[in-house]
*Asks:* 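Mind looking over this structure? Questions follow.
These numbers come from the heavy atoms of this one structure, side chains and all, not from hydrogens, waters or symmetry mates. Labels below follow one simple rule: chain letters A, B, ... track the order of the sequence lines, proteins then strands, and each chain is numbered from 1. Predicted model only: the values in this text are computed from it and were never measured.
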Amino acid sequence: MERDLENANPTILSVSQLPSRSRKGTAVRHGPDAKCDSIVYPKHSWPYGSSSSSDEEDDDGEEPMDEQDIYDLISTISDPEHPHTLGQLSVVRLPDIHLSPSPAELTGPDSLVTVLVELTPTINHCSLATVIGLAVRCRLEQTLPPNYRVDVRMKVGSHAQDDQVNKQLGDKERVAAALENDTLQRMVDKMLETCV
Amino acid sequence: MAHFRQWALEYVLSDDENAQLAITQKAAREIESSRGSSTVVGNWAASVQQWMTAANANDDDQMDDGDEAGSGDIIARAKGTLEALDKNLLRSDQVLRLVGFFGAMFSYDHKAGITASAKALRWLYAMKGFKPDMGVKIMEDVCKIKEDFRLQTAATRLEVYELFLGLIQDPAVSSELKHKYGPSCGFVVDLLQVCQSERDPRNLMVWFKILALLLTDYEPSAEVTEEIFKVFSAYFPISLRSSATPIGITAEDLKEAVRSCFAAHQRAASHAFPFLIQKLDKGDAVTVAVKVDILKTIKACIEQYGNPHASIVPHIEKIWNSLKYEVRNGEVKETIDATLEVLRAIARKLDGTKTHKFDVSLLSGYVDLVSRDCRDDLANPTYTKQAGLLLMTVITANIRAYVLYSASFIDAIRQNLRQPKSPSHSRDLLLLLNSLLKPRMELFRDRKGGHPDDEDRLRTESHAHLDTLFHDVYLPIWTAKSNEPATEEKEILKQAIQGLALLVSQQVLQPDGAAVLLCPSSVSSEICSLLTVTLTKGLTLSSNDNHADSTALEDEAVLALRTIVMNYQEGYGELMSRAVAEIRKRDWASPSEYSLGALKDLLSRLTFIGCSEIPSSITSNTSSQKQSSPLQHFITLTARLLEIFPLSTQSTSPPPTGSTLGSSANAHIISSLHASVLWFREACEVKYGREALASHAGGDTNWLEEFQQLPEDWLLRIQGGNAPSDGVLATLKESDPEVYHQFLKVSLFIVRHLYRLAPSGSRTPWDERALVQLSRMAALVVRSLDEKLQVSCNLAAEAFTYFNSDRFPVQRSVRDLLTGLLTLGILQGLRPGALAGLYKPGAEAEKYMCDTTSFGHSALQESDVRAAIAAILANKYQGGPSTSDPESLVMKRVLDFWGNWIKEATTSSSVDTESFPYYNKIAVNVIAGAAARQEKHVLGLIPVLHQAAASQHPNGERVAESIGAIVKQNDLLTPDNHAVVKRFYKQWVYGHLTRPLLQEAQPAAKDTHTATRYRVAILSVVSNCPFTVYQDDQEPLIRLLVTALKNRAGLSEDVAWSQVVSALEILAEILTNEPDALKGYLREIIGGATEVYQECVQKKGTVAVVQPATRTLCRKLALQVLGAIPTRFEERHVLAYAPPTQRMLAVACGDPARKVREVARRARRAWAKVV
């Protein structure tokens, strides 16, 4: 796309500043002295035989989907004009992701959950806000199970025309129609390329 | 004459190359046979000439192509004849005539024949009869071609260039040219006129070489120099258009060639520098690549030009004025680096060479110029870094500049540091200070390679400005900021920490030439203590007070301390004393998780600081120091750790397995001892190489006997300096590979010491984790020893007496977890040759392997350890090739024993179902150990295993399920641990144990019970084998896999599901390696995997009794298999299954386990592409 950048100098967070799950629990130190840690402080204290057969026991616990999961899904989407992710540009923020009912209140695996994601464009007249919203919506619809309802909006006051953008993003027909457009579809695909 | 004419005619008319060649050779023979008679040569030339004149006589408009081609051909013929002639044949006068003849070609007004003439002239130039004055004539003749030269083809021009280059390079011709033309170099002017508009890259490479030679060798006058300069500078900056047909010359080659013209001789200096600077000053019009090219060219000029007084000094000011902005205001790293290189090159050039130093005024004039411009910038935060960089580059270029100017530079930094404008200003200033200290070490190190003056200067250098750095600069910053620093201040502190390390590492030369440390011990010690506080802070603060969220400062301090104690070696002792005092202050009987974490961090850091490098031997400036040993830090650390062990003697509650924080303080100490051995061993391997141990002589000493003479606190005494026999240790030199050997000796002493502590007295300080660490540390030390040492120390016996033979004459019969782990540690590291004594009939090995005594309270772990030991013993013996040597017979008895036991256990009720798995584990491990070395007696056991697996007894199912452990990856049976592992043993086991069962295991077999059991056994083995092992049996195997996914009848739930796990693993493996084999079974596999997933996600029904971890694993593997399918097959094969699978995967994206959700998403994405 041949045009000037709308916001040439956005604030960019480094990857280490982004919220992530590993830092919530006990931190694993990576100092210069940590090289032998895997041997002298092994993850599984019993190295022989059966009781340590699975390496990934820690991760196998059952944890329902929470806001951080949603954040991890969408924060890696690329921005359409900067070579950074939405997480780095703070377009997507962890506190602006809401699950209702919250994971703790879930009654069963099939109960209906609504995911509300509020986006904050880097500038309040960003013309790409709709595209970003569309990409977030696509990503969530492609990765969440069918019992999740997705609602993507602009955060109140963050965009000059947030009402209109919200209306576009909330209208299923318009979203579907938008994705019929080859140019838009390609753009969204490009943005989602960085997601794993 | 007639011959030659006839031949010339034949030649011109002939089209056949071979025939032409024959004619040229005929002519050559003719000339040779006449012994080079002038008449014959004259005739020959005339025969050629006739064609030339004929062609030339025609007017241009009348001349047709045929004539031109004819004359071109005939020159080629003449050239061919020349090439066929003997080089010694022609006399000078004949050569001269021929030179005249071929030279005349260049005056004719046509294009053909030039290539051949140039070649012929080059050939004549190689003749013996060639005289230098002929070279001059050639030059003159060839230059007559004038503008026509441009019209020649590139290849022709290349010939001419090569001719020129050859002549100009020739010393005789060159002196003749110089003699004839003098400094006015008339021929050069002609040459330049002829060649000046060359554009072909290949030709340019030769042309530039000629130009550089003209400048260096021919002493051209100023005017001619300018002309030459104009010619090559017109090409600057040179570039190369990318071409479809690469010619083997890159743009970089061309740049180098032009650069060498610029740098050829100082004669060009007065043109080169202004020209280059003017190009550089064009500002934004110049791209980065061009800028770098200019700067590199300037650098090359500075480095190559002689007589810097005249050639460089007059231009320095201009160069500096232009270049300083590249750094001061520059943003591109490449140009900044290249600029600094130029500035450094100037400083080096002005200093002189290794053998001859220039007057100091040259250098000082230059440095003054730089510092005049930069000094003020130091006070301006925007330019501090750049100004410092400029100054630093110039000052650190050589020792003379450093000694002269570093003091005033440091002074300027110091003044600015007193009133910093902002935190980042302080940081930049400190960075500069550090980057001034770092090169000092390099200059100091390289002093021997330079001019003798340099060393003298270092010896007489005043280092007052360095001495005061700590108290004037670093300490005040540290004191002001080290308490609860803000983020910006942390950056300052980081720089300060690095600076402190650099400061302690500085050395100075004493008047007698000895190198000592700059800082007095008191300062070094104070620095150590400052940094130590950073490390022990975690332990001294409580968890509520410690808010540090990043450990960057501590990590920096750790690296700094490591550098410091490598130089100031007493520092490590002080550091350890302080740390130990801090550790002792706490109560370790029931520590909090926070304290344990802090202890772990502290110990881990202390280990890294002391043991990750071998200390160098620099003396500090207090002369009374005793010689330091390379092992000093290692001994200090281990001695102090052994001293405080155990930290608590009270019994701790058994830690929950799988959690790091669950281990006790005592376990952390053992872990650190283990880590110290690991680190130091690695440092030794880096320094002395792995072979250092192999080359060591005298490996038959018995260290254990030596140890018996030593007191228990031997290490502590060495560390305190009052050991009875540390003779070898005291005289060790850092560079001596003996260090490695002595390190292993000390390590073995530590292992022995801990082993003696472990089984004696109360066991409470030893929790499971500590014992495991001790066992692994023992394995590490033992396996590093060579076989001779292992034998001479009789370590095999110690495996069962735990280094206590002098205290407990009768070996202990108790077999519990503790003794098991101790035994395992030693056996794991022993080499087969060292184990020989254990395999006598009725000796330890047989007893241990056939041990079915009951277990203590932790049967699971005890059986693991016993099984591990049994696997080692069944593997590491030195049997010969026959099956009747003593060790092999022992193994036969052992295998028979287990064969009978398995038979018994699967037919009668002699072994209850509960304890069966424990003993079965030992049995399988014995077989695994023997199978890894392809012990033939294992084959006798196979029918027993087959029968047992198929037996109706409930234990039979267990045997079938566990049989895969025979080929399972076992960390103890690796070459590192000196195990005997045959390369193809898995194929061997598969072929004998599994393949015979394939037919009977098929779903259609008559005996469904046996089929089911065999299927379990086969999948158990196959899932532990690499794909290539079972590649040939895929077809029957896949039928079993499909059955295993759907059919779990006749099996207990956990066996059934572990069978599913194996099946899915094998499927994933086949999908990766040979997916086509699965093409016919896609429906069953997709259906099966889907079903497995859906069943495992439920928490109700029969599956609920299965371990949750197994259920999660099943779900994950099922999704992995599903996800791999669309990527491996063409769309038409999978399209039919897409809708239901996509629906199922969408639901799976909401799986309760996070890991599984990730796999589900990947699978969903893969299937989304199937439309």
*Asks:* So for atom CD, which belongs to B:Gln1094, do other residues, nucleotides or ligands contribute more than 12 heavy atoms lying within a distance under 6.0 Å?
*Replies:* yes

*Asks:* Looking at every heavy atom in both B:Arg1154 and A:Asp66, which two are closest together, and how far apart are they?
*Replies:* NH2-OD2, 3.9 Å

*Asks:* What part of B:Leu771 is in contact with chain A, defined as an atom under 4.5 angstrom from a non-hydrogen atom: side chain, backbone, both or neither?
*Replies:* neither

*Asks:* Taking all atoms of both residues into account, what is the closest heavy-atom pair of B:Trp679 and A:Pro32, and its distance?
*Replies:* CH2-O, 4.1 Å

*Asks:* Is it the side chain or the backbone of B:Ala1146 that comes within 4.5 Å of chain A heavy atoms, both, or neither?
*Replies:* both

*Asks:* For the backbone of A:Val40 and the side chain of B:Gln773, can you confirm whether one donor and one acceptor N or O come within less than 3.5 Å of each other?
*Replies:* yes

*Asks:* Select one option (side chain, backbone, both, neither) describing which atoms of B:Val558 are under 4.5 Å from chain A's heavy atoms.
*Replies:* side chain

*Asks:* Report which part of B:Arg1143 has an atom under 4.5 Å of a heavy atom belonging to chain A: side chain, backbone, both, or neither.
*Replies:* neither

*Asks:* Which answer fits B:Asp601, side chain, backbone, both or neither, if we ask what part of it has an atom under 4.5 Å from a heavy atom of chain A?
*Replies:* both

*Asks:* Work out which heavy atom in A:Tyr48 is nearest to a heavy atom in B:Ser775; give both atom names and the distance.
*Replies:* OH-OG, 3.5 Å

*Asks:* Measure distances from B:Ile670 to the heavy atoms of chain A and classify the residue's part below 4.5 Å as side chain, backbone, both or neither.
*Replies:* neither

*Asks:* Which atoms of B:Ser612 are under 4.5 Å from chain A, going by heavy atoms: the side chain, the backbone, both sets, or neither?
*Replies:* neither

*Asks:* Tell me which of these, B:His674, B:Met777, B:Arg1164, has more heavy-atom pairs under 4.5 Å with chain A than the rest.
*Replies:* B:Arg1164

*Asks:* If contact means a heavy atom pair closer than 4.5 Å, which residues of residues 139-158 of chain A contact chain B?
*Replies:* A:Arg139, A:Glu141, A:Gln142, A:Thr143, A:Leu144, A:Pro145, A:Pro146

*Asks:* For residues B:Val865 and A:Trp46, determine if any side-chain heavy atom of one lies less than 4.5 Å from a side-chain heavy atom of the other.
*Replies:* yes

*Asks:* Quick check for you: among B:Arg562, B:Glu1158, B:Glu682, which has the greatest number of heavy-atom pairs under 4.5 Å with chain A?
*Replies:* B:Glu682

*Asks:* Among the options B:Val1097, B:Asp971, B:Thr1110, B:Leu824, pick out the one with the most heavy-atom pairs lying under 4.5 Å from chain A.
*Replies:* B:Leu824

*Asks:* About how many Å separate CG of A:Asp33 and OG of B:Ser672, when rounded to the nearest 0.5 Å?
*Replies:* 10.0 Å

*Asks:* Where on B:Arg1157 is there a heavy atom nearer than 4.5 Å to chain A: the side chain, the backbone, both, or neither?
*Replies:* side chain

*Asks:* Starting at CZ of B:Arg1161, measure out to SG of A:Cys195 and round the result to the nearest 0.5 Å.
*Replies:* 10.0 Å

*Asks:* Side chain, backbone, both or neither: which part of B:Arg605 has a heavy atom under 4.5 Å from chain A?
*Replies:* both

*Asks:* When rounded to the nearest 0.5 angstrom, what distance separates CG in B:Asp1151 from CE in A:Met65?
*Replies:* 9.5 Å

*Asks:* When you compare the side chain of B:Arg769 with that of A:Pro42, does any pair of heavy atoms fall below 4.5 Å?
*Replies:* yes

*Asks:* Mind running side-chain contact (heavy atoms from CB on, under 4.5 Å) on B:His668 and A:Tyr41 for me, showing each step along the way?
*Replies:* CA-CA 8 Å; B:His668 283 324; A:Tyr41 301 108; 3.3 Å; yes

*Asks:* Less than 4.5 Å to any heavy atom of chain B: does that hold for the side chain of A:Asp72, its backbone, both, or neither?
*Replies:* neither

*Asks:* Is there side-chain contact between A:Pro47 and B:Arg776, with heavy atoms separated by less than 4.5 Å?
*Replies:* yes

*Asks:* Would you mind checking which part of B:Ala1168 comes under 4.5 Å of any heavy atom in chain A, side chain (CB onward), backbone (N, CA, C, O), both or neither?
*Replies:* neither

*Asks:* Output the distance between atom CD1 (A:Ile39) and atom CG (B:Leu678), rounded to the nearest 0.5 Å.
*Replies:* 5.0 Å

